[in-house]
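Here the structure is a predicted model, which means the values were calculated and not measured. For reference, positions follow the sequence shown, starting with 1.
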Amino acid sequence: MLTTLPPDAVCELIQAIGAPVFVAAVEPAGGFSFVAINRRLEALSGLRDADLRGRPLDAALPQAAAERLRARLEECVAAAAPIDYEDFLQNDGVHWLKVSLTPLLDDDGRVARIMGVPQDVTAARMAEDRLLRAAEAGGVAVWEWSLGADRRSGPLRQVNLAALLGLPAEPGGDGADWEQALPPATMERMRAELLAAVDRGDEAVTLDFSPPDGAGGQRHLLVRGRIERDGKAVRIIGSTLDVTARHGLQQALAAERGIFRELAQLSSDWFWMTDETDRFVPFPAIGNGDGVTELGAAGLARRDLLDTRVPAEDMPEIEAAVAARQPFRNLVYPQRQADGRALVVSISGNPRFDAEGRYLGYIGVCTDITARRNWMKLQYGRQKLEALGQMAGGLAHELNNLLQPMLSFATRARRMVGDGSPVAPLLDDIAASGRQARDIVRGVLTFSRHDRAENRPVVLSEAVCRAVDFAAGVLPPTVRVDRSIEPLPDTAAVRTADVAQVIMNLVSNAVDATDGRGRLSVALRRVQVPGDPLGEERGLAPGAYAVLRVADDGCGMEPGVLANVFDPFFTTKPVGEGTGLGLSVVYGIAKGWGGDVVVTSAPGEGASFEVFVPLCADELPSSQRQARDIAV
């Protein structure tokens, strides 16, 4: 409609618009002339509609203002679309304007007139100018970027950027000057990242640049800007900081942190920290994976980690040191982790205080000594059994020397007195007691490995099957035996009688543990050392082994019982119901084979005995092996 109305009607129509408005006509021969302006624009510009109407731009406006407006009108005609731009006018002062141009098309689709709506942004611009002058005086690098509706973008104003960007001198305030002054690579990257931030709808943008400093090094610049939108037009106002020194400090800190991490991994298994309530908090200097968060301990107290199934060891000393706010070193306590694993740990800690002396908690290191503790217990057990074996072996030989004449003389005297003599029953009792004592001495000699009989290669799986068959035949009917015996073709240098004795002793022990009403399992498998973790832990010589396992679902054993289970004459049975030699004989036979025996048990969880038997390098010829189906 505005394309066909006469100037008077256009002027009357735009008076109703609540903003300054002008309408310019596009002349057929080129150029532009004013059609009308409203009273609000008259008040803003100091010009009158009567003085402008029908006049060309050059005749109505000062030359510089006319040239700037003509360039924008031509841009709008060429685009045939609305454009926004900023300009200024001078009358009683300088007024900064934000102008929106809208093309008005005739019936043929040509731009016939253009309506302009200037908005006075002088107050905002003056405030920005004051900030820019303050930034310039304070040495702060500040910049402004524009992005029009046509996606054309470029820098508007910059302050104090020349030195940061390595420019020889501060260029002018015009965007074209800065386009030429900035390094092309920097300009391209800045424009691309700014446009990407605008497209994402971000409210702010952060850029990190590393331009050369002109001396063969790199400068590190941090750019931050605030994105303001007005329709399709965008302005970004930001600042640039030289963070070269901070970047160097960060690199040095990262290097020191890496060294600290490596030393930490060499010195201890993890670090820990507690707060003023003595509860664990994440360790800040290392991060997840190196602190108490690995244990799932954040928010817990030290005693919450204590494994109450075993003695507390140094836990009272730890708590006493914490209560007194004193350092402590290398104190040991049993720890149970969130996944149920049991550890033995050694910890050291120092109290922390702030500058005013307020208690902040503790900081310290913690080392898992479970493997070392187990190794020490294993070595102690071996040394103890070796010492017991030497003592028992010597004592058994001495007793054997005394028992031999007792049995011999008692037997001869019994033959001399005959059956009718009143002393005959007494001599029979002496001989029976001597034979019982002789059996005990043989068991002691077996434990001490002083009574080694000659071993011959036998097919171990066959010997085990025969021994299990015999043992199962004498067990109470309320005991169930599950078998999982691999039909191994390997041979072992053992005595069949020793295999039977080992199985009988272990099965008898299992029956007692289940009170004659449980389930036993007997298994045989082949392992290789190295390769089997338990065999490696026991320090077995490299090679192939058969592992005979006898397990029960009985009452299990307390730690104190477990530590002495292979000691000669150690028994938990009432006096007179056992000699305490059954398991020590098993131990002695296994050691005599060149193997070992391992027991695993806990109260209420049954017990498992695993006997490692070395296998021979060569198999027996098939003709020497008894034909028997041993797949059970």
Side-chain angles (χ1 to χ4, degrees), residues 14 17-24 32 34 37-49 51-52 57-58 60-76 79 82-102 114-137 140-161 170-179 194 198 225-239:
I14 63 177
I17 299 176
V21 177
F22 70 88
V23 177
F32 303 91
F34 283 104
I37 66 173
N38 66 3
R39 285 186 292 272
R40 289 182 174 79
L41 183 54
E42 287 180 335
L44 175 63
S45 65
L47 302 173
R48 295 193 311 156
D49 175 68
D51 297 333
L52 295 179
L57 298 185
D58 293 340
L61 298 175
Q63 182 180 358
E67 290 178 355
R68 294 198 304 272
L69 180 56
R70 182 188 302 108
R72 296 299 184 177
L73 293 175
E74 289 175 349
E75 183 180 343
C76 184
I83 65 169
D84 296 326
Y85 70 96
E86 290 192 4
D87 201 351
F88 66 92
L89 61 85
Q90 290 177 302
N91 43 32
D92 57 347
V94 177
H95 292 269
W96 286 94
L97 304 177
K98 181 178 180 180
V99 185
S100 297
L101 298 180
T102 302
I114 297 175
M115 182 174 69
V117 181
Q119 294 182 2
D120 189 352
V121 293
T122 303
R125 175 65 70 173
M126 289 179 66
E128 291 177 1
D129 285 343
R130 286 194 296 270
L131 289 175
L132 284 173
R133 286 195 296 271
E136 185 174 11
V140 179
V142 180
W143 51 270
E144 181 181 354
W145 185 277
S146 70
L147 175 65
D150 58 354
R151 304 292 289 178
R152 293 179 62 186
S153 63
L156 292 179
R157 293 179 295 177
Q158 287 83 14
V159 172
N160 297 330
L161 273 177
E170 192 84 32
D174 187 86
D177 294 338
W178 279 94
E179 291 270 3
L194 290 175
V198 171
R226 185 183 73 254
I227 301 177
E228 298 179 348
R229 292 174 175 81
D230 185 3
K232 294 183 179 180
V234 175
R235 291 177 66 219
I236 305 175
I237 302 175
S239 63

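Side-chain contact check for Ile236 versus Leu194: some heavy-atom pair is nearer than 4.5 Å. Considering only heavy atoms from C-beta on, Phe22 comes within 4.5 Å of Leu101 through its side chain. Using a 4.5 Å heavy-atom cutoff, the side chains of Leu44 and Asp120 are in contact. Residues Glu74 and Phe32 have side chains in contact (heavy-atom distance under 4.5 Å, counting atoms from C-beta outward). For the pair Leu69 and Tyr85, the minimum side-chain heavy-atom distance is below 4.5 Å.
Remark: the backbone N or O of Asp84 is not paired with any side-chain donor or acceptor of Ser100 at under 3.5 angstrom.
Residues satisfying the side chain to side chain donor-acceptor pair (under 3.5 Å) criterion with Asn38, sequence neighbours excluded, are absent altogether. Contacts of Arg48 classified as salt bridge (charged side-chain N to carboxylate O under 4.0 Å, His left out), with partners at least two apart in sequence or in another chain: Asp51. Residues meeting the side chain to side chain donor-acceptor pair (under 3.5 Å) test with Glu228, sequence neighbours left out: Arg226. With sequence neighbours excluded, the residues satisfying side-chain contact (heavy atoms from CB on, under 4.5 Å) with Arg68 are Ala64, Ala65, Asp87, Phe88. Annotation: salt bridge (charged side-chain N to carboxylate O under 4.0 Å, His left out) contacts of Arg70 (sequence neighbours excluded): Asp58. Residues that satisfy the side chain to side chain donor-acceptor pair (under 3.5 Å) test with Ser45, not counting sequence neighbours, are absent from this structure.
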Verdict with reasoning, Ile114 to Val23, per side-chain contact (heavy atoms from CB on, under 4.5 Å): CA-CA 6 Å; Ile114 297 175; Val23 177; over 6 Å; no
From CA spacing to verdict: side-chain contact (heavy atoms from CB on, under 4.5 Å), Val21, Leu41: CA-CA 6 Å; Val21 177; Leu41 183 54; over 6 Å; no
CA sep, side-chain torsions, deciding dist, call: Glu42, Arg39, salt bridge (charged side-chain N to carboxylate O under 4.0 Å, His left out): CA-CA 5 Å; Glu42 287 180 335; Arg39 285 186 292 272; over 6 Å; no
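With rounding to the nearest 0.5 angstrom, the CG atom of Leu61 is 6.5 Å from the CG atom of Leu52. Note: Glu75 CD to Ile83 CD1 = 4.0 Å, rounded to the nearest 0.5 Å. Of the inter-residue distances, the one linking Arg40 atom CZ with Ile14 atom CD1 reads 11.0 Å to the nearest 0.5 angstrom. With rounding to the nearest 0.5 angstrom, the CD atom of Glu67 is 13.5 Å from the CZ atom of Arg72.
Pairing each heavy atom of Asp49 with each of Ile37, the nearest pair is OD1-N, 2.9 Å. Nearest heavy-atom pair, Pro118 versus Gly116, reported as atom, atom and distance to 0.1 Å: CD-O, 3.6 Å.
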